[in-house]
Amino acid sequence: MRDCKVSVVLVNYNKEKYISQCIDSVINQSLKEIEIIIVDDGSSDHSSIIAQQYAKQYSHITYINQKNQGVSAARNIGIVQAKGEYITFLDADDYVYPNAYEQLYHFAVKHGADTIIGNFRCFNEYRTWHLGYMKKVLSKNLPLVRHISTHVELHLTPSASNKLFKTELLNKHGIRFDEALSIGEDLLFTQHALHVSNHTVVKDVDVLHYRVNSDEQTLSKRANLSFFKQLVHVQSKLTELYKSLNILSNLTFIEQRQYTFFYRSILNKVSGIPEEDWPKLLDIGNDFMSLISHNLYKVTDTHVNIKLLAHLIIQKDYELFVKFLSMYCKNYVTDKLVVDNGTVYSALIYDFPVYKQALLVNKVKAVHRTEVIKLNGTILTIGGYAFFNGLSTKGIKKELVFQSTNDCKTILLRNTLRTDISYLFSSNQINYDEAGFETVSIDLEKLLPPGRWKAFLRITVEGIVVDSPIEVVLAQLRNSAKPTLQGNLQVTPSYEKGQELTIALEKIKPIKKINFYFKRMKSNLRYDFSFLKARDFHTFSVICTYKLFHRLLKKRNVWLIGERKDTAQDNSYHLFSYIRNRDPKKNAYYVIDKRCSDYKHIESLGNTIQFNSFQHTLYLLICIKTINSYVETSNMYTEAYKKIVKYYPEWQQNEKVFIQHGVIGVSRVNHVLHKNRMNYSQFVVSSSFEKKHIVEEFGYDQEQVIETGLPRWDALQDTGTGKEILVMPTWRSWIKTEEQLFSSDYWQRYSSLLNNKEFHQILEKYNYTVTFFPHYQMQKLIKKFPDFHPRIRVMKQGEETVQNLLKRHSLLITDYSTVSFDFAYMEKPVIFYQFDYSEFYSQHYNEGPIDHKNDLFGERVKDEKEVIQLLQQPMSIISQDKLPKLDKYIQKPTDTTHSELLYQQLKRRK
């Protein structure tokens, strides 16, 4: 065993912002016998200086500088210098999990592996995620030790950074990175190493955090012909490699991966390639296809768009090639399918009839999700949606099927309206509105004889029939359908392949009943003590306290109220304030982080609970109501609570009340708030119009929707002087970076308005002042806003409550924000500046039932000139004739308050 176990070759090129985090993550590894070889590829920023400082401070760090030659040349220098038993590679903008290399090294040595593969987690400013294809690589059903020749899933992981390679293996076989490649260098390297490897160990261990820089312009991210030429070059090199290893017969596996990647890349990047370059792209495609095995494009199971592209390129059909790419760039190409005499085709057959056979769909894909499943005794409750991808759900038939070895039981399911499915799965280009099925409760004892029954959904559309196994993906849902005992009948759900539902019914004797309860108790204790073992004392102590005292604690009838963990200014705050002043003996508590600035608004009311405290988690379990104006699961739950109810979903018995923070109808948000997803017990609305929408499209019953209006409206009182303008736009979800923001039409429009000389003249003429309140996502991206004009102030998050801003301003300019309802509630004018209506309601939100062109309660304008023209009028008359339209969306109480109406409704329930 060498003194150095792992050599980390860390390549840097202008990563000044990230390199310290990267190096520190390796220095702090639990495995100490590591050398770090930093190869700087001709950086022009301060990152090279930072790296040299680390090398001077730590003896196990070597710093090497080279002229800019690319990552492959840098890594090859590192391989030559490496003294470790194993080598791995790291880019300077990524960083490593603390015990990653120790775990990989341990498993590699234990199993005598030449190579070992781990997992990695991608991240950006907004989220973290694992890549979907790694699930296939890391499947628990596959052996720990494998070889790429017999386990084709190993072709799916080309990265060199989530692996350890035996140094002896690389040197013995002369495995190096190809310095002629700008992309695909990792793929060629890992293909070589994995094929000559004696053993490859695959272990589901997170190795590194892989940074996804959307603003970084590497070749792999740029849309140009060089990218595709490189893919041709990679394919040629792969063929040479397989030929040199005498394994050409195995080339098909990697060819299929590269074939799919090549054509997906065309679809992903074509909008950025000038149309005059499309003939050259066709030629490059021909060069690529010349390297692919004969007829692979005919037999590979790929999307019809890819199959059509391949046929157009093989036939050198330039005219239709351009037509298809033009249609694709304009979003005219969808997944829509058509049925012709019982045969399914892509709808593209109408535009490309000569390629009808290429557009044949051999197998339609059933898409379904079990959103609700519970087993209470012998009563199985199940709900969700199901449809065929590409086929309209008009006339769809759905059945629940239980199949045993020699018997079959079928239950017809009733369709329900799910406009959210059309939005989520096809951006409303294909009608999936009837995809939902009504939640049903079935007495399994009456329906099924004892035996083992596999559960299916049978979907029928236009004569196409598919039986698809019912899949229960989420662990919390599976735990809602645990084995039960009713009399002498044991009902045992199980999940084949991890999630496919099978139900066994068995009549058992008394001795087996005892064994049943003993097994359950043992399983529960094992789960409980797992937290003690993990030193998660918070979760463990809450579980113990709940089990001992929950009956006593629930008698307190606690209501738990909250918003976001750091806010107290919306409907939840106003309701809580009303309850504490009107009925102080009520056991109502407000959850908030007491370190936040908003705590001062609520401290004097008492009954506050520190967010994420022991009391918070316990009260989530024992309360009879949780009340929130935001999405409860993401804003009110502790991590401990999520862990507990994931395993013990039956403990979650409280009524969940959603009191909103706006009026629903401007946008459809049923993809977030549908009954099957959120399971609210009561849903607060402001009008019969809104209630109708929630009942029809959100899955709630009439009695579950409470028409009281919003508590915060009770505090609305116009304090403006008639001289104050509030500019308050909402966000655009497609903007992710500062660069994207400043280049966006969104920023250009608002910046232009605020810099407009005519606008400034109006402010001076009428003695107006303007408050520009950017969305908090905009504030995250812009550190310093421009100075637009002495009369225009940029308001930052937390400087003033939104409600106070609305009260003290006399005119609101917004685009789609629901704060417009609050503003108009005070009978003050609103200008809706909607310059990107189509884009907003195709990329950001799903258009709601409110008709923006005819039914808005303010002036709707589409360009800056119209805004200026309106502001030339006296502020008091702008949109006054449109304010009566607000009555359709808000019904004001006459002799009481919204808070009182809501409180009385909530007291009547439970």
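Taking the centre of each ring, Tyr619 and Tyr589 come in below the 6.0 Å mark. Aromatic rings of Tyr841 and Tyr816 (six-membered ring for Trp) have centroids within the 6.0 Å cut-off, being under it.
The closest side-chain donor-acceptor pair between Asp815 and Tyr750 falls under 3.5 angstrom. Remark: the Tyr423 side chain and the Asn670 side chain contain no N/O donor-acceptor pair separated by less than 3.5 Å. Thr419 and Asp433 share no side-chain donor-acceptor pair at under 3.5 Å. For His674 and Glu697, the side-chain atoms include no donor-acceptor pair closer than 3.5 Å. For the residue pair His616 / Thr638, no side-chain donor-acceptor distance below 3.5 Å is found, with atom types taken as modelled. With 3.5 Å as the limit, one finds a donor-acceptor pair spanning the side chains of Ser810 and Glu724. Between the side chains of His538 and Thr617, at least one donor N or O sits under 3.5 Å from an acceptor N or O.
Among all heavy-atom pairs drawn from Arg808 and Thr719, the shortest one is CA-OG1, 3.2 Å.
Residues passing the side-chain hydrogen bond (donor to acceptor under 3.5 Å, both in side chains) test with Asp420 are Arg418, Arg677, sequence neighbours excluded. Qualifying side-chain hydrogen bond (donor to acceptor under 3.5 Å, both in side chains) partners for Tyr746, counting only residues two or more places apart in sequence or in other chains: none. Listed by chain and number, the residues in a salt bridge (charged side-chain N to carboxylate O under 4.0 Å, His left out) with Lys586 amount to none (sequence neighbours excluded). Considering only residues two or more places apart in sequence or on other chains, Thr896 meets the side-chain hydrogen bond (donor to acceptor under 3.5 Å, both in side chains) condition with none of them. Every residue meeting the side-chain hydrogen bond (donor to acceptor under 3.5 Å, both in side chains) condition with Thr539, not counting sequence neighbours, appears here in chain and number order: Asp536.
Judged as a salt bridge (Lys or Arg N to Asp or Glu O under 4.0 Å), the pairs with a partner in residues 558-574 (not counting sequence neighbours) are, in order, Asp570-Arg712.
Note: Phe531 and Tyr527 have perpendicular aromatic rings, judged against thresholds of 30 and 60 degrees for the angle between ring planes. In this pair, His844 and Trp734 present their aromatic rings perpendicular. The plane angle is above 60°, beyond the 30 to 60° band. Ring-plane geometry between Tyr700 and Tyr680 is classed as parallel, the angle between the planes falling under 30 degrees on a 0 to 90 degree scale with a further cut at 60.
No cation-pi contact links Lys675 to Phe698, judged by a cut-off of 6.0 Å to the six-membered ring centre and 45° from its axis. Judged by the 6.0 Å distance and 45° axis criteria, Arg749 is not positioned over the aromatic ring of Trp747. A cation-pi arrangement is absent between Lys885 and Phe857 under the rule of less than 6.0 angstrom and at most 45 degrees off the ring axis.
A salt bridge links Lys642 to Glu639: at least one charged side-chain nitrogen sits closer than 4.0 Å to a carboxylate oxygen. Using a cut-off of 4.0 Å between Lys/Arg side-chain N and Asp/Glu carboxylate O, Arg478 and Glu471 are scored as not salt-bridged. The existence of a salt bridge linking Arg595 and Asp593 is confirmed by a sub-4.0 Å separation between a basic side-chain nitrogen and an acidic carboxylate oxygen.
A side-chain donor-acceptor contact under 3.5 Å links Gln653 to the backbone of Glu650.
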* Check step by step if salt bridge (Lys or Arg N to Asp or Glu O under 4.0 Å) holds for Arg732 and Asp836. => CA-CA 10 Å; Arg732 306 297 188 271; Asp836 59 350; 2.7 Å; yes
